[in-house]
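Proteins come first, then strands; the chains are lettered A, B, ... in the order of their sequence lines, and each starts at number 1.
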Amino acid sequence: MTGDLRGTKELVRLSLRRDRWLLPVSVLGFAAMAASSASATAALYPDPVARVRAATTVNATAAIVALYGRIYDPASLGGIALFKLTAVGAALVAILMVVLVVRHTRAEEEAGRLELVGAGVVGRAAPLAAALLTAGGASVALGVCTAVGLVSAGLPATGALAFGAGWAATGMCFAAVAGVAAQVTTGARAATGLGLIAVGAAYVLRAVGDLSEAGPGWASWLSPIGWNQQIRAFAGERWGILALPLLAAAALVPVAFALCQRRDLGAGLVGDRPGPAQGRLGTPLGLAWRLQRPALLAWTGALMVLGGVLGSLAHNVAGLLDSPGLAAIIEQLGGKQGLTDAFLAAEMGLVGTIVAAYGIAAAGRLRAEETAGHAEIMLSTAARRGRVSAAHWLVALAGVAWLLLVAGFAAGAGHALATGDLSQIGRITIAAAARVPSAWVLVGLVVLTWGVWPRATAAVWGAYIAFVVIGEFGQLWGIPQVIIDLSPFVHSPLLPGPDPHVAGLLWLTALSAALIAAGTTAFRRRDLAP
Amino acid sequence: MSDVISLTGLAKSFGRARALDGLDLSVQVGEVHGFLGPNGAGKTTTLRILLGLLRADAGEARLLGGDPWADAAELHRRLAYVPGDVTLWPSLSGGEVIDLLGRMRGGLNPRRRANLLELFELDPTKKCRTYSKGNRQKVALVAALASDVELFLLDEPTSGLDPLMEANFRDCVNELRGDGHSVLLSSHILGEVEALCDRVSIIRDGVVVESGTIAQLRHLTRTAVRAEVAVVPMGIDALPGVHKVVVEGNRITASVDSGGLPALMTVLGGAGVTALTSAPPTLEELFLRHYESAAR
């Protein structure tokens with residue numbers, strides 16, 4: 001076994017060299033996000049009375065609890081400052097670690113670079129060990145920087161340490177999950193997908209558990225993100241719970257290594273079946289659909305489950321909301337509709353944001369096909385540039401619409417089953433459909449960036465994160481409304497409810513069309529840039 | 001219109017790096033044209049400009065009578081391309097890729113497709129992810145060679161093939177020539193170029209430095225002469241067209257321009273030559289001369 005790990009040190013250095021921007025930016029980004037939330041909240045709620053009032057409101061609002069979790073100690077500044085970030089942040093850390101581990105294991109293997117590395121004095125298990133060490137080290141650094149940031153923002157050191165440790169342990173746990181996923185599939189995309197499904201499932205289980213009055217409370221205990229909340233930083237820290245994610249990681253890492261030892265280079269647990277000798281594909285659109293179909297199917301399944309869970313919870317949450325003085329927070333959340341509608345509108349907003357990420361990934365295929373050299377061979381045929389690019393953005397646009405309809409239908413069906421009111425299916429499906437144009441804008445941004453400045457296509461992910469973070473924290477941080485309004489997500493109507501706000505939808509749709517038109521025009525005029 | 005490809009004064013820069021610097025190239029209808037040059041000389045850039053994937057900064061490019069940038073899609077119906085570095089969609093089978101590319105070029109000849117699969121011993125049911133470099137190249141070759149097109153642009157098409165497959169590839173190209181197709185073949189394999197090409201262009205630092213038939217090029221190279229003489233004559237190195245004279249005892253070696261041979265023979269005859277070998281000029285020498293000066 002020790003021989004199998006030879007070269008690990010050099011490979012860690014290689015990963016650090018490759019990620020010399022990604023790692024520091026994301027580690028410091030997380031720490032800065034936590035610290036700025038803490039200092040902004042301290043200014044907003046200087047006295048405990050104000051904090052208790054705000055925290056009670058939060059805990060009584062099911063939509064907020066489902067999205068972010070509970071505040072365990074209403075009087076603590078840390079609790080209210082970080083309740084939005086505890087679970088959301090843990091999920092983002094988890095996503096980062098999944099991407100990181102797959103990027104240095106299966107993605108390298110699929111690209112054939114691991115073959116070159118493996119021919120050197122490098123043990124069979126070294127690449128996996130190096131990826132896990134890199135991700136584990138990044139998790140620790142992220143936890144430490146976050147704790148330091150929180151202390152410097154004026155929060156108590158014990159709570160800050162527990163909060164940082166919670167994020168770090170969650171990161172390690174999902175790094176191990178990704179380590180296993182990378183052994184199972186032969187494609188890096190599929191491995192990342194598996195890891196992200198695990199993150200999503202953990203988040204949904206936590207939401208179900210947090211709404212314990214509406215659903216089974218034990219669900220949280222099945223979820224690493226739930227464990228992270230149960231550490232209860234700033235609310236009588238329960239240090240012992242930190243052991244759960246670490247034990248899970250300790251159990252998964254040997255599994256990953258055992259799978260890695262057993263398989264050949266390039267092979268997975270799920271082997272490649274032979275394909276047809278004669279192909280039926282004959283158009284760029286057919287090819288794009290064929291390439292994107294597996295991802296869309298996986299997303300469809302995930303959103304069906306997410307929609308169904310959220311929809312079936314909606315009926316019960318109205319009963320929780322009997323506390324008076326909620327008007328302000330409900331107003332902020334979902335307008336003056338019924339409480340159930342407010343819950344559903346908030347959840348559809350969340351689903352719309354998640355589906356926008358699908359849109360970015362799907363449209364990002366344009367760039368991936370170009371860097372992989374596939375666009376070169378496609379464009380050497382009689383296919384026009386316009387058609388080759390349209391194929392992928394059409395799949396992205398249609399995929400976004402399809403996924404939101406699926407999620408809306410599943411939520412409506414869940415709600416209809418619980419209430420016996422079949423008309424809910426239509427209402428909620430329409431509510432989800434109203435989120436389509438804002439996600440299309442992100443697709444448009446990808447196409448524009450790719451057309452004008454192809455090497456910067458991945459920067460749209462940065463814009464997406466900025467839209468989400470500013471949408472969540474913009475008001476708290478005192479960011480001017482003009483900047484908050486840059487996010488397409490704030491311009492969607494809050495449905496279901498009496499707020500059709502149709503003009504916003506038309507504007508968003510027109511904007512997406514303009515972005516796509518500009519991007520494809522730019523592509524027709526530029527050199528191919530592999 | 002007797003040229004399928006005609007490039008004049010073509011220039012292309014990437015940032016500060018000048019890839020093409022006034023390149024002239026012409027490929028005539030029905031000829032197999034070799035395109036040679038050291039790594040990084042600009043071969044692939046030229047091919048990409050011909051395919052309308054890159055736009056030239058300056059110069060004129062005509063391809064099959066059209067403009068390779070403006071009329072790209074129409075022109076591509078009449079040509080097939082094999083890239084130097086073939087990457088295929090990992091989740092598709094080889095057969096699917098062949099048919100996809102064929103359809104997008106405007107149709108494949110099914111009989112030729114079957115023959116080529118057999119000739120190149122390619123299993124079309126395997127996923128592209130599992131193909132070796134040579135097999136990926138075969139996929140692109142089958143897709144290109146089974147198309148009914150006038151012009152083939154081949155960028156080092158045999159760099160991953162085994163010698164047997166390379167021989168099969170040569171047969172295919174000779175067949176194409178017999179049917180009146182035109183081929184632009186970029187290659188490093190001199191034997192291949194010598195066996196296949198009617199004309200050759202050598203590119204260096206973005207400029208074509210030599211162009212002509214193999215015989216014309218050969219005329220430009222020097223013959224290696226080795227002689228044993230009774231008495232070493234004086235002043236051999238002063239003879240016109242005689243270079244690199246080395247004298248070891250009574251053995252003389254020199255490399256001689258074709259124009260310098262008669263004078264040298266006279267001198268050697270007078271010196272009582274006892275043994276004489278002369279190696280015909282090889283293409284390799286010509287290429288090395290150009291490649292080396294590129295490295296300098």
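In R387(A), the CZ atom is not crowded: 12 or fewer heavy atoms of neighbouring residues, nucleotides or ligands sit closer than 6.0 Å. Summarising the local packing, CZ of R18(A) is surrounded by more than 12 heavy atoms from other residues, nucleotides or ligands at distances under 6.0 Å. In R17(A), the CZ atom is not crowded: 12 or fewer heavy atoms of neighbouring residues, nucleotides or ligands sit closer than 6.0 Å. Taking a 6.0 Å sphere around CZ of R113(A), one finds it holds more than 12 heavy atoms contributed by other residues, nucleotides or ligands. The local environment of CH2 in W402(A) is sparse, with at most 12 non-hydrogen atoms from other residues, nucleotides or ligands closer than 6.0 Å. Heavy-atom contacts from other residues, nucleotides or ligands closer than 6.0 Å to CD of Q28(B) number more than 12.
Of the atoms belonging to P294(A), not a single heavy atom falls under 4.5 Å from chain B. Only the side chain of K12(B) comes within less than 4.5 Å of a heavy atom in chain A; its backbone stays farther off. The contact between R385(A) and chain B is made entirely by side chain atoms (from C-beta outward), counting heavy-atom distances below 4.5 Å. Within the 4.5 angstrom heavy-atom criterion, atoms from both the backbone and the side chain of R525(A) approach chain B.
Residue with the most contacts toward chain A among L50(B), L54(B), L153(B), D123(B): L54(B) (heavy-atom pairs, distance under 4.5 Å). Here P276(A) is the residue among A383(A), P276(A), G187(A), G373(A) with the most heavy-atom pairs under 4.5 Å with chain B.
For the atom pair M378(A) CE and L101(B) CG, the distance stands at 7.5 Å (nearest 0.5 Å).
Between the side chain of R103(B) and the main chain of L281(A), a donor-acceptor pair closer than 3.5 Å is present. When atom types are taken as modelled, the side chain of S93(B) and the backbone of A277(A) share no donor-acceptor pair closer than 3.5 angstrom. Between the side chain of T87(B) and the backbone N or O of A372(A) there is at least one donor-acceptor pair closer than 3.5 Å. No donor-acceptor pair closer than 3.5 Å links the side chain of R48(B) to the backbone N or O of D527(A).
For the pair Q278(A) and E96(B), the tightest heavy-atom approach, listed with the atom from each and the gap, is O-CG, 4.5 Å. The shortest non-hydrogen separation linking E376(A) to P83(B) is OE2-CB, 4.0 Å. The shortest heavy-atom contact between S380(A) and L51(B) is CB-CD2, 4.0 Å.
In this structure, M104(B) and P284(A) have side chains that are in contact, with non-hydrogen atoms separated by less than 4.5 Å. Contact check for L287(A) versus L92(B): side-chain heavy atoms found under the 4.5 Å cut-off.
For a heavy-atom cut-off of 4.5 Å, chain A lies close to W69(B), A73(B), E74(B), H76(B), R77(B), L79(B), Y81(B) in residues 67-82 of chain B.
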